Amino acid sequence: MRIPQFRRQRGEACGNATRCIADLLYHETGDPRVRIETTAGLLEAEILPDGNIAVDMGPARTGWREIRLPRLRTPIELI
């Protein structure tokens, strides 16, 4: 799955997009569990009995150098 972002960049993973693709695949295949390949790696999604969709996004990346920005910015510029 490719995830477009602002200024033609690609996102690595997106929970909402993964849920949408998981729902489409579920309706096509009937399988409530799917793996979707993204730039960030394989994401596992599951349609739950109540109809919600759970996605394992892996651990959150919160390190300053792990957050992709189109250009270097100071933290104050992001507020």
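This is a predicted model, so every value here is computed, not measured. For the numbers below, each heavy atom of this structure counts, side chains included, while hydrogens, waters and symmetry mates do not.
- Under the side chain to side chain contact (heavy atoms under 4.5 Å, CB included) criterion, Glu44 pairs with Arg35, not counting sequence neighbours.
- Expressed to the nearest 0.5 Å, how far CG of Leu24 lies from OG1 of Thr29 amounts to 10.5 Å.
- Val55 is not listed as a side-chain neighbour of Ile36, based on a closest heavy-atom distance of 4.5 Å or more.
- Between Ile47 and Ala22 the shortest heavy-atom distance is CD1-O, 4.2 Å.
- Summarising the geometry of Asp56 relative to Leu43, their closest heavy-atom pair is O-CD2, 3.7 Å, with the distance given to 0.1 Å.
- Here the closest heavy-atom approach between residue Asp23 and residue His27 is recorded as O-ND1, 2.9 Å.
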